[in-house]
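Note: hydrogens, waters and symmetry copies are ignored here, and every other heavy atom, side chains too, is used.
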Amino acid sequence: MCWRKVSKPLLHCSSLTRGSGGMGLPRLGGQGGKGGDVWVVAQKEMTLKRVKDKYPQKRFIAGVGTNSSVRALRGQKGEDQEVLAPPGITVTNDDGMVLGKLNTEGDRVLVARGGQGGSYHSEFLPSKGQTRQIRLDLKLIADLGLVGFPNAGKSSLLTALSHAKPQIASYAFTTLRPEIGKVMYEDHKQISVADLPGLIEGAHMNRGMGHQFLKHVERTRQLLFVVDVCGFQLASKTPFRSAFEAVQLLIKELELYKEDLPCKPAVLVVNKMDLPDAEDKLAELQEQLLNPHEFSHLLPDDMLPKNNMVFRHVVPISAATGFGIAHLKTCIRQSLDKDASMATDSLHRDRLQGETIDLYQYSCSVKYCLTSNTYFSQRNVKFDTP
């Protein structure tokens with residue numbers, strides 16, 4: 001087995017060998033035990049580094065099924081092999097086909113099935129199970145993911161919201177790998193926020209750090225768009241984009257990468273309100289967001305998103321001075337609590353509907369039973385009558 005570094009976070013390649021089945025016993029018709037399976041199991045305390053340190057041999061072999069014998073005609077199943085991995089892992093094979101996803105602790109993915117034991121149908125000869133190479137691709141899991149162009153102030157915002165200390169500089173692409181911060185509330189509630197590498201136009205085609213960023217956006221519950229109120233220009237040869245144009249382009253990049261990404265709940269953060277003329281530009285942006293179709297001429301047709309996002313909150317802040325940070329934390333909490341409440345209500349409705357269906361089926365069963373008893377009772381009375 002080999003570990004292969006493909007991107008950051010690490011993408012590992014592992015060789016898996018299933019257990020073979022046990023021999024059958026022809027003279028007594030005994031059946032050999034099935035070979036063990038190989039599973040990848042999510043465990044909260046694990047990290048990719050711990051996976052690499054825990055399994056330096058880079059090869060996983062499940063147990064072999066026991067042979068059939070006079071004392072035990074049916075052989076025992078071989079021992080399963082469990083590969084522990086952190087939640088957030090997507091398991092794929094060498095061809096890129098997804099074998100399964102580990103979203104929460106305890107999730108399991110079967111990656112190599114054990115061989116069948118020898119039996120009458122196989123002339124009592126066991127079969128070999130699967131042997132394959134897999135990749136463990138870790139995608140970040142966070143409550144919120146910061147979405148924005150380079151130099152929008154995402155790292156500064158994460159520092160203002162949490163105790164995280166990401167690298168902050170005045171040049172583009174300061175953030176090269178995801179950084180997680182925890183937003184703390186007075187009731188001890190914690191919300192995780194991920195600072196992700198900045199997007200550029202064409203990120204859906206893997207320009208800049210496109211795919212390294214976008215794959216993590218899939219794993220966040222909500223999006224936190226961050227734009228510079230004064231606009232954005234990556235380089236002197238690239239066009240200048242206003243705050244409104246930046247928002248539209250960010251939505252378009254998410255849409256082109258995966259069409260349902262812009263459907264996630266989102267909050268818009270308008271940063272750098274400490275700059276001159278920021279209030280006027282904020283008012284202009286708010287007007288454009290209320291009537292986006294009237295300003296669609298500002299961008300070429302191929303850069304306009306199919307559907308406009310409706311932000312739950314538009315919050316002006318200054319990450320440098322701390323203006324608006326307290327209000328932003330309140331808005332974030334309200335947005336996440338709203339989703340949690342909706343999920344709870346949906347769960348209650350599903351349970352209530354399930355109980356109603358069970359009650360209906362029970363009542364139909366009782367009715368059928370009563371009808372059947374009445375029928376046979378009538379038949380018995382009829383036969384007993386002279």
Using modelled atom types only, decide if a donor and an acceptor are shared between the side chain of [X] and the backbone of [Y] within a distance under 3.5 Å.
| X | Y | answer |
| --- | --- | --- |
| T159 | S155 | yes |
| S122 | G118 | no |
| R108 | L102 | no |
| K252 | M303 | no |
| K264 | T220 | yes |
| N271 | A319 | yes |
| Q222 | L144 | no |
| K329 | M184 | yes |
| Q233 | T238 | yes |
| E245 | S242 | yes |

- side chain to side chain contact (heavy atoms under 4.5 Å, CB included) between I191 and L161: does it pass, once the steps are laid out? CA-CA 10 Å; I191 292 174; L161 286 171; over 6 Å; no

Distance from [X] atom [atom1] to [Y] atom [atom2], nearest 0.5 Å?
| X | Y | atom1 | atom2 | value |
| --- | --- | --- | --- | --- |
| I134 | T92 | CD1 | OG1 | 8.0 Å |
| K258 | L256 | NZ | CG | 14.5 Å |
| N151 | F232 | CG | CZ | 7.5 Å |
| E218 | T90 | CD | OG1 | 8.0 Å |
| N67 | Q31 | CG | CD | 12.5 Å |
| L223 | L250 | CG | CG | 10.5 Å |

How about [X] and [Y]: do any of their side-chain heavy atoms sit closer than 4.5 Å?
| X | Y | answer |
| --- | --- | --- |
| I332 | L224 | yes |
| V269 | L328 | yes |
| V98 | V91 | no |
| E255 | P305 | yes |
| V109 | W39 | no |
| D107 | T104 | yes |
| V229 | M273 | yes |
| M46 | K54 | yes |

Between [X] and [Y], what is the shortest heavy-atom contact and its length?
| X | Y | value |
| --- | --- | --- |
| D80 | D37 | OD1-N, 2.8 Å |
| V226 | G153 | CG1-C, 4.5 Å |
| S68 | L73 | OG-O, 2.5 Å |
| L84 | V51 | O-CG2, 3.4 Å |
| R241 | P239 | NH2-CG, 3.5 Å |
| A85 | V40 | CB-CG1, 4.0 Å |

If you count the non-hydrogen atoms of other residues, nucleotides and ligands that lie under 6.0 Å from [atom1] in [X], is the total more than 12?
| X | atom1 | result |
| --- | --- | --- |
| Q288 | CD | yes |
| K338 | NZ | no |
| D260 | CG | yes |
| E123 | CD | no |
| H297 | NE2 | yes |
| M342 | CE | no |
| Q43 | CD | yes |

- Go through the steps for K306 and E259 under the test salt bridge (charged side-chain N to carboxylate O under 4.0 Å, His left out), then give the verdict. CA-CA 9 Å; K306 292 181 182 178; E259 198 164 347; 3.7 Å; yes

- Query: Is R333 positioned over the aromatic face of Y185, cation under 6.0 angstrom from the ring centre and no more than 45 degrees off axis?
  - Reply: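 Satisfied, under 6.0 Å and within 45°.
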
- Message: Let's go through I180 and V193 carefully: what are the C-alpha distance in whole Å and the side-chain angles of both, what is the deciding distance for side chain to side chain contact (heavy atoms under 4.5 Å, CB included) to 0.1 Å, and is it a yes or a no?
- Response: CA-CA 6 Å; I180 292 285; V193 181; over 6 Å; no

- Could you state whether V111 and M97 fall into the same hydrophobic cluster, counting links through intermediate Ile, Leu, Val, Met, Phe, Trp or Tyr residues with side-chain heavy atoms under 4.5 angstrom apart? yes

- Query: What's the verdict on side chain to side chain donor-acceptor pair (under 3.5 Å) for R312 and S335, showing C-alpha distance, side-chain angles and the deciding distance?
  - Reply: CA-CA 7 Å; R312 289 186 174 179; S335 183; 3.1 Å; yes

- Message: Does the plane of the ring in F225 sit parallel, tilted or perpendicular to the ring in F311? Use 30° and 60° as the thresholds.
- Response: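 Ring orientation of F225 relative to F311: perpendicular.
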
- Task: Determine, stepwise, if the pair V315 / H327 fulfils side chain to side chain contact (heavy atoms under 4.5 Å, CB included).
- Result: CA-CA 8 Å; V315 187; H327 178 55; 3.7 Å; yes

- Query: Do the two ring centres, one from F60 and one from Y55, sit under 6.0 Å apart?
  - Reply: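 For F60 and Y55, the ring centres are under 6.0 Å apart.
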
- Query: Is it true that K272 and D228 make a salt bridge, defined as a side-chain N closer than 4.0 Å to a carboxylate O?
  - Reply: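 Between D228 and K272 there is a salt bridge, with a charged N closer than 4.0 Å to a carboxylate O.
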
- Query: Is there a donor in the side chain of S192 and an acceptor in the side chain of D143, or the other way round, less than 3.5 Å apart?
  - Reply: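 Per modelled atom types, S192 and D143 side chains form a pair under 3.5 Å.
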
- Message: Side chains of T321 and D274 only: does a donor on one sit below 3.5 Å from an acceptor on the other?
- Response: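 Absent: no donor and acceptor within the cut-off.
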
- Task: Go through the steps for V38 and V83 under the test side chain to side chain contact (heavy atoms under 4.5 Å, CB included), then give the verdict.
- Result: CA-CA 8 Å; V38 181; V83 183; 4.3 Å; yes

